[in-house]
Amino acid sequence: MSDLLAGLNPEQQAAVKAADGPVLIFAGAGSGKTRVLTHRIAYLIQEKQIPPYQILAVTFTNKAAGEMRDRIRELAGDNHGQINVGTFHSISARILRREAESLGYSRYFTIYDDDDGLRVIKQIFKDKNLPTDQVPPKGVFYTIKNYKNQMIGPDELVDQPFFFRGGIDLVEVYRLYERRLKQSNAMDFDDLLLKPIELFKNNPAILKLYQSRFRYILVDEYQDTNRAQFQMVKLLSEVHQNLCVVGDDDQSIYGWRGADIRNILDFQDAFPKAQIFKLERNYRSTKTIVTAASAVVGNNRDRATKQLWTEAEQGDPITVLHASDDQHEARLIADKLLEISQQSELTFSDMAILYRTNAQSRALEERLRDYGIPYQLVGGTKFYDRKEVKDSLAYLRIIQNPADDVSVARVLNTPPRGIGKTSELRLASFALDEDISLFEALKRVDETAVGTGPGNRVKDFVTLIEKHGARLAESDLGDWVQAYLIETGLIQQYQAEDSEEAESRIENIYELINGIREFQGRHEEPTLEAFLEEVALLTDVDKLTDDRRQVTLMTCHSAKGLEFPIVFLAGLEEGLFPLIRQTDGDGDLEEERRLFYVGLTRAEKRAFISYCSARQRYGETLLAKPSRFISEIPMDLMEMSTAKVLGDEQPVTTGTNRRGKIMSERKQSPFVAKRIKPEEAVDYAVGQTVEHAYFGRGRIMAITGSGGDSKLTILFAGNQQKKIIARYAKLKIITK
DNA sequence: TTAATCGTACTTTTT
DNA sequence: GTACGATTAA
């Protein structure tokens with residue numbers, strides 16, 4: 001069956017056939033990397049007779065894992081079943097559940113996300129009476145995360161004077177944080193990577209087991225692995241050395257998360273016998289796009305030498321759209337989307353809009369809605385991050401792991417049930433004194449200083465949890481969740497509110513319940529723990545659908561590994577892309593450039609790049625210059641669009657002109673953009689008729705606050721009442 | 001002591 | 001626009 005090699009170019013074939021020993025494959029953008037990986041696995045199974053269960057393939061997202069499994073199935077037939085495919089985090093979680101006892105955890109441990117972790121830090125601040133005014137808990141949390149990412153534990157920091165201002169001892173908070181998680185039988189994302197290493201180092205027998213279990217290891221997106229991930233694969237492949245990593249140093253974009261580009265650049269140092277292959281032929285994009293992207297990324301110093309090339313046609317030049325502001329930019333893009341969908345065979349699902357920050361999606365979304373263009377948004381506020389969904393999940397997590405203090409604290413008084421801050425504080429300090437979990441403290445509420453009123457409420461709460469905990473085993477999971485969540489009163493609380501927002505929160509809770517039923521239908525063992533784990537490790541991209549006729553909106557980071565015939569890169573302005581943060585100096589310009597490279601190389605046929613002269617950010621209007629990345633593209637590959645948009649002539653959308661007029665210059669910021677502050681608001685008064693860009697004419701019913709920050713309550717046509725902040729509204733006074 | 005309202009600060013990218 | 005914390009009202 002060596003038709004496995006048919007249709008592969010010589011380099012790809014060589015990479016597939018080099019089955020044994022360490023292998024590094026540099027795979028340029030669009031060079032058929034996934035093909036090589038899947039064919040390689042099929043080759044191992046069919047030609048080398050390796051049992052599938054001895055193969056471990058690690059991908060970056062669950063979606064990529066699913067796709068890989070599908071493609072191997074096509075190639076290798078039935079035998080693929082027991083192959084281990086997953087993300088680092090999901091594979092680790094699986095190992096850790098099995099071996100939890102060896103680490104002093106129960107197998108029902110909870111996975112904490114950043115929000116949960118931050119709550120732990122905040123609780124520590126409360127317990128220790130640390131001041132939050134000098135150093136925000138968030139900052140402490142991120143510092144700790146940073147250390148964990150680099151595998152630096154609190155003990156290794158001890159020699160250094162790590163005191164923050166305000167007398168906060170970082171090492172102590174770090175220690176407490178680790179202790180709290182352990183006591184809560186919880187692991188954060190970093191632990192999922194660190195604990196297996198700890199496990200393997202302390203238990204040679206267990207390590208040996210997994211070494212022989214994973215006799216062939218393949219790692220995709222290797223350029224984005226961090227130190228812990230490197231160590232894990234190194235440990236696992238130490239004996240057999242059958243480690244194949246695939247990546248592209250030019251696409252390393254997760255340095256901020258601890259990814260170490262040196263993992264790929266220095267692979268040979270760690271594995272001196274490594275064979276190296278380079279896939280440099282691009283099959284995805286036009287010559288224009290390949291040449292442009294290569295030219296830009298060629299400005300980076302820290303990279304392995306390689307030259308991407310293609311035999312594809314030249315294709316259209318990259319179109320640069322210049323907009324006056326972000327609203328205008330959104331219109332230009334929407335116009336192009338419509339134009340392309342009408343004048344070509346392409347549909348909206350062939351098009352994507354990519355940007356640097358999630359905040360940019362709003363203006364785009366508004367305009368797409370106006371135009372009636374269907375879109376799907378990846379990222380932003382995720383479904384599982386919504387308050388009501390997290391609350392619901394917290395109720396479920398308590399059942400699985402009562403030691404999960406974060407979840408218990410989260411829902412103890414949600415919905416409000418008469419257990420206020422004071423009671424919570426007393427319970428928490430009792431738990432601390434007795435060295436027991438918060439839930440244990442609730443059960444012993446009579447021994448605490450909590451009053452009888454709230455005390456009875458606490459007892460009701462405990463009864464509620466225990467009652468449903470006992471029922472879990474004997475009922476259908478979906479029915480059980482529904483009954484449980486209803487009895488928590490969570491839904492009732494929102495029903496009482498009777499607002500649009502509450503309405504959608506209720507919908508989300510039901511959507512969660514439906515999600516569980518759907519999970520039941522597709523999972524072999526639909527247990528509560530399996531569901532909670534899937535939810536914890538799910539990414540946004542995992543939920544992306546291909547086949548609906550929708551434009552895709554997402555960040556360049558999320559777009560990694562995807563491709564679209566038409567790609568728009570929005571917001572190409574100095575300070576935004578490359579992004580410059582005001583707080584900690586210059587970021588990593590080379591990484592920003594790689595990110596741009598990733599974005600541009602997503603395009604198959606045509607790329608559009610847009611930038612604005614002025615952009616609303618943090619409530620201010622900033623003047624901006626076009627990104628340096630635009631000028632790094634060879635001139636002859638670009639065309640500057642001078643397209644006029646119909647909408648420009650309509651008075652309704654003259655916000656830019658008006659704003660341009662009332663803008664006054666302030667001092668130049670240290671960075672690229674000039675800061676512009678709108679003048680103090682015009683004098684609004686109750687009873688005036690005003691015109692709003694979106695809502696039309698209306699009458700001011702009430703004003704609260706003063707100046708630009710004042711809130712206006714305006715009654716628009718159709719009895720629509722809206723509250724609007726004067727400063728941001730594009731209001732025109734019609735009559736006094 | 002609890003609940004509701006008000007004011008403020010925040011938004012880089014994600015497993 | 002949101003989500004949190006603080007302040008105030010009950």
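Per chain, numbering begins at 1; letters A, B, ... match sequence-line order. All of these numbers come straight from a predicted model, not from anything done at the bench.
Under 4.0 angstrom from either OP1 or OP2 of B:dT14 there lies at least one side-chain N or O belonging to A:Thr555. When the side-chain nitrogen and oxygen atoms of A:Lys560 are compared with OP1 and OP2 of B:dT13, none of them lie within a distance under 4.0 Å. Side-chain N/O atoms of A:Thr61 include none lying less than 4.0 angstrom from OP1 or OP2 on B:dT15. Residue A:Lys138 places at least one side-chain N or O under 4.0 Å from the OP1 or OP2 atom of B:dT11.
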**Q.** side chain to side chain donor-acceptor pair (under 3.5 Å) assessment of A:Tyr177 paired with A:Asp188
**A.** CA-CA 11 Å; A:Tyr177 173 79; A:Asp188 62 18; 2.8 Å; yes

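In this entry the distance linking CG of A:Asn456 with C1' of B:dT2 reads 16 Å, nearest Å. Remark: C1' of C:dT2 and NZ of A:Lys387 are 13 Å apart, rounded to the nearest angstrom. In this structure, A:Phe125 atom CZ and C:dA6 atom P are separated by 13 Å, rounded to whole Å. Rounded to whole Å, the distance from CD on A:Gln360 to C1' on B:dT11 is 11 Å. In this entry the distance linking NZ of A:Lys390 with C1' of C:dC4 reads 15 Å, nearest Å. One can place NZ of A:Lys145 at 15 Å from P of B:dT12, the figure rounded to the nearest angstrom. For the pair A:Glu533 CD and B:dT15 P, the computed distance is 15 Å after rounding to whole Å. Nucleotide B:dT13 holds its P atom 17 Å from the CG atom of A:Asp588, rounded to whole Å.
Backbone-only contact: A:Tyr254 has heavy atoms under 4.0 Å from sugar-phosphate atoms and none from a base. A:Arg362 comes within 4.0 angstrom of sugar-phosphate atoms only, judged by non-hydrogen atoms across all strands, and of no base. Note on A:Asn413: only backbone sugar-phosphate atoms sit closer than 4.0 angstrom, heavy atoms only; bases stay farther off.
Within a heavy-atom distance below 4.0 Å of DNA chain B, no residue of residues 226-233 of chain A is found. Proximity of residues 419-428 of chain A to DNA chain B (heavy atom under 4.0 angstrom from any strand atom) is restricted to A:Ile419, A:Gly420, A:Lys421, A:Thr422, A:Ser423, A:Arg426.
In this view, A:Asp405 satisfies the salt bridge (Lys or Arg N to Asp or Glu O under 4.0 Å) rule with no residue, not counting sequence neighbours. Applying the side-chain hydrogen bond (donor to acceptor under 3.5 Å, both in side chains) criterion to A:Gln360, with sequence neighbours excluded, gives A:Thr357. Annotation: side-chain hydrogen bond (donor to acceptor under 3.5 Å, both in side chains) contacts of A:Arg98 (sequence neighbours excluded): A:Tyr210. Judged as a ring-ring contact (aromatic ring centres under 6.0 Å, His included), and not counting sequence neighbours, A:Phe141 has no contacts. Under the salt bridge (Lys or Arg N to Asp or Glu O under 4.0 Å) criterion, A:Glu221 pairs with A:Lys33, A:Lys560, not counting sequence neighbours. Contacts of A:Arg426 classified as side-chain hydrogen bond (donor to acceptor under 3.5 Å, both in side chains), with partners at least two apart in sequence or in another chain: none. Listed by chain and residue number, A:Arg594 satisfy the salt bridge (Lys or Arg N to Asp or Glu O under 4.0 Å) test with A:Glu591 (two or more places apart in sequence, or in another chain). Applying the ring-ring contact (aromatic ring centres under 6.0 Å, His included) rule to A:Tyr254 yields the partners A:Phe60, A:Trp256, A:His557; only residues at least two apart in sequence or on another chain are considered. Partners of A:Thr110 by side-chain hydrogen bond (donor to acceptor under 3.5 Å, both in side chains), not counting sequence neighbours, listed by chain and number: A:Asn401.
Rounding to the nearest 0.5 Å gives a distance of 4.5 Å between CD1 of A:Ile111 and CD of A:Glu533.
Nearest-nucleotide positions on DNA chain B place A:Arg417 closer to the 5' end than the other of A:Ala536 and A:Arg417. Closest-nucleotide positions on DNA chain B for A:Leu537 and A:Pro416 were compared, and the one nearer the 5' end corresponds to A:Pro416.
No hydrogens or angles were tested; on distance alone, nothing pairs the side chain of A:Arg257 with the base of B:dT13 as donor and acceptor under 3.5 Å. Side-chain N/O atoms of A:Trp256 and base N/O atoms of B:dT13 include a donor-acceptor pair closer than 3.5 Å.
Checking B:dT15, B:dT14, B:dT12 against the side-chain heavy atoms of A:Asn358 singles out B:dT14 as nearest. Listed candidates were B:dT15, C:dG1, C:dC4. Nearest to the side chain of A:Arg119 is C:dC4.
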Could I get a table of every N or O pair under 3.5 Å where one atom is in the protein and the other is in nucleotides 8-10 of chain C?
none

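Residues A:Arg227 and A:Asn149 approach most closely at CB-O, 4.4 Å, considering heavy atoms.
If you check the side chains of A:Gln327 and A:Arg367, you find a donor sitting under 3.5 Å from an acceptor.
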